[in-house]
Asker: 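Handing you this structure, nothing more for now.
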Amino acid sequence: MTPAVFEPATPLAPPAGRTTNDLIRQQNLASVLSLLHSRGALSRAQLGATTGLNRSTVTGLIMELTELGLVREAPGGERTGKVGRPTLDLEPEDHVAALSVRAEPHAVTVALVGLGGVVHARLRHDTASAPSPRRFVQIVASSVEAMRADIDRHYRVVGAGLAVPGLVNANGSVLVSPTLGWRRDPVSARLSDELGMPVTAGNDASIGALAESRFGVGVGVSNLLYLGGAMHSIGGGLIIDGTLLRGTSGYAGELGHTVVDPRGRACVCGRRGCLEAEVSLDILEPLLGRRKLDEDELDVELGVARNPRVMTEVTRQVEMLSLALTNFVNAFAPETVVLSGYLGALLSVSRERLADAVRVHPLGAEGRTIRLERAHLRSRLMLVGPAELAFADLLSNPAGFRG
């Protein structure tokens, strides 16, 4: 399978003042750094085999990335079996870092994440209700200030990435986030002004798809469908032919608002029977007699549930999810379907039924096999995911980094 990539398409001709060799060098630097970022420590031989570059070219690229402070030799390299020095692996310099910010209806989380997806620090601020955009920015700034001394002493921060449950346009403005109550707010610009660094915002589900493709179950998958179930919403992310699908103004992937029952429950979007209204932890938690369950706790609760009302509701929600998955698979023809959060917990107790939903055979697709997987990153998903937005420019043009 072709490895998934997320860089913009290569221009047909180099921009003014740059040669074709400049562009090739930039692309090669980006390829090597991106591989080390997503796969961890690799030898020069592995880098050459994966990129198709010869040994001398790889050596030159590594020297440049090392001088830029983006790559280092991994401690304790493996010996080749011959007398002499061991073969040294290379790894990304994780002291080059990004801030990862997540907005939720009842919490704001800020993490410091290094190249390679290393989570250095994490602060969570619980809120009684969804914060306004202005209050949200204040909470983030306060959390970053609490990390300031450590950041200034040890890290080079390239920027911040922000995950929002809602529609976020290409400029980082939130068109609407029903669960947060935000509408037409330039939240990334607000946050950038407050923090004094570039901030890139995106939909949380699209960010989840990106993170799983780089560090999780979707590594090497060119066509992936991601569905994430949070406390109050369901979002989708799509990777088509190796590229994160953004759609007009960045609004692609709102799969949670696919109608699965026209006479069903009222949805925050104003319609009835949307997937996120019908498949919801909010409905199930009162039946379980517990509130604010995290993913691991939910696995345990559903695994031992014997209450007939709980089991009936789980069955109903799984049927609704199955209907949606069948339609999504027919529409997008993914190689892999990834479920995370609450939907991952449903998969753990209803794998056979949900597997049937993706085992569809549209015309011309006889024998097609689709993997149905639970997200591997689990609790790390929304820590490392938003940081990928902040790392995007660095990964596409390492030589332009002046941290």
Side-chain angles (χ1 to χ4, degrees), residues 1-10 27-53 58 61 65 71 74 89-92 94 113-118 202 205-228 236-246 252-253 325 328-329 332-340 343-344 347 351 354-355 358-359 365 367-378 380-389 391-392 394-396 398:
M1 292 182 289
T2 303
V5 295
F6 303 93
E7 285 71 36
T10 303
Q27 291 167 353
N28 288 342
L29 285 169
S31 295
V32 170
L33 183 59
S34 295
L35 274 171
L36 293 172
H37 174 61
S38 63
R39 300 192 186 181
L42 296 171
S43 68
R44 287 170 173 79
Q46 289 171 319
L47 287 168
T50 305
T51 61
L53 300 171
V58 170
L61 295 170
L65 290 170
V71 166
D89 285 347
L90 290 308
E91 64 185 9
D94 61 21
V113 182
L115 280 175
V118 178
S206 292
I207 289 171
L210 184 61
E212 279 293 327
S213 290
R214 288 193 172 161
F215 300 108
V217 69
V219 171
V221 176
S222 295
N223 292 279
L224 180 144
L225 167 67
Y226 169 94
L227 276 181
L238 291 160
I239 291 170
I240 304 296
D241 294 335
T243 301
L244 183 66
L245 185 66
R246 301 185 187 279
L325 287 176
F328 296 156
V329 166
F332 302 114
E335 301 164 50
T336 301
V337 175
V338 180
L339 302 181
S340 78
L343 304 187
L347 175 61
R351 175 170 285 277
L354 293 175
V358 302
R359 201 176 294 126
R368 180 180 64 177
T369 300
I370 298 171
R371 292 168 56 206
L372 177 61
E373 300 284 353
R374 187 171 187 173
H376 282 191
L377 294 178
R378 304 290 288 270
R380 294 180 61 237
L381 185 66
M382 282 299 142
L383 298 178
V384 303
E388 291 302 291
L389 300 182
F391 283 134
L394 168 63
L395 293 173
S396 65

Asker: Supply the atom-to-atom distance Leu244 CG to Ser213 OG, rounded to the nearest 0.5 angstrom.
Answerer: 8.0 Å

Asker: How close do Leu383 and Pro386 get, counting heavy atoms only, and between which atoms?
Answerer: O-CD, 3.9 Å

Asker: If you measure only the distance, is there a donor-acceptor pair under 3.5 Å linking the side chains of His37 and Glu388?
Answerer: yes

Asker: Do Leu372 and Leu347 have side chains that approach each other closer than 4.5 Å (heavy atoms only, starting at C-beta)?
Answerer: yes

Asker: Minimum heavy-atom separation for Gly208 to Leu381, with atom names?
Answerer: O-CD1, 3.7 Å

Asker: How about Arg44 and Leu90: do any of their side-chain heavy atoms sit closer than 4.5 Å?
Answerer: yes

Asker: Looking at CZ of Arg214 and CG of Leu377, how far apart are the two atoms once the value is rounded to the nearest 0.5 Å?
Answerer: 12.5 Å

Asker: Going from OG on Ser206 to CG on Leu245, what distance comes out if it is rounded to the nearest 0.5 angstrom?
Answerer: 8.0 Å

Asker: Hey, which of Val219, Leu225, Leu224 is the one that makes side-chain contact (heavy atoms from CB on, under 4.5 Å) with Val221?
Answerer: Leu224

Asker: His376 versus Glu212: any side-chain heavy-atom pair under 4.5 Å?
Answerer: yes

Asker: Looking at side-chain heavy atoms only, is the closest gap between Val71 and Leu33 below 4.5 Å?
Answerer: yes

Asker: To the nearest 0.5 angstrom, please state how far the OG atom of Ser38 sits from the CG atom of Leu115.
Answerer: 11.0 Å

Asker: Given Thr50, which of Leu42, Val58, Leu35 fulfils the side-chain contact (heavy atoms from CB on, under 4.5 Å) condition?
Answerer: Leu35

Asker: The criterion is ring-ring contact (aromatic ring centres under 6.0 Å, His included); which residues satisfy it with Phe328, sequence neighbours excluded?
Answerer: none

Asker: If every non-hydrogen atom of Leu65 is compared with every non-hydrogen atom of Pro398, which pair is closest and at what distance?
Answerer: CD2-CB, 3.7 Å

Asker: For the atom pair CG (Leu395) and OG (Ser34), what is the distance rounded to the nearest 0.5 Å?
Answerer: 4.5 Å

Asker: State whether the side chain of Arg359 and the backbone N or O of Thr369 hold a donor-acceptor pair below 3.5 Å, judged by distance alone.
Answerer: no

Asker: Could you pull out the closest heavy-atom pair between Ala375 and Arg378, with the gap in Å?
Answerer: O-CD, 3.5 Å

Asker: So which heavy atom on Ala209 is nearest to which on Tyr226, and how close?
Answerer: CB-CB, 3.6 Å

Asker: Atom CZ in Arg374, atom OG in Ser340: separation rounded to 0.5 Å?
Answerer: 9.0 Å

Asker: What are the two closest non-hydrogen atoms of Val113 and Ala387, and how far apart are they?
Answerer: CB-CB, 3.8 Å

Asker: What I'd like to find out is whether the side chain of Phe332 reaches to under 4.5 Å of the side chain of Asn223, using heavy atoms alone.
Answerer: no

Asker: Please tell me if the side chains of Thr336 and Ile370 come closer than 4.5 Å, counting only heavy atoms from C-beta onward.
Answerer: no

Asker: Does Leu339 reach the side chain of Leu354, with side-chain heavy atoms less than 4.5 Å apart?
Answerer: yes

Asker: Looking at side-chain heavy atoms only, is the closest gap between Thr51 and Leu61 below 4.5 Å?
Answerer: no

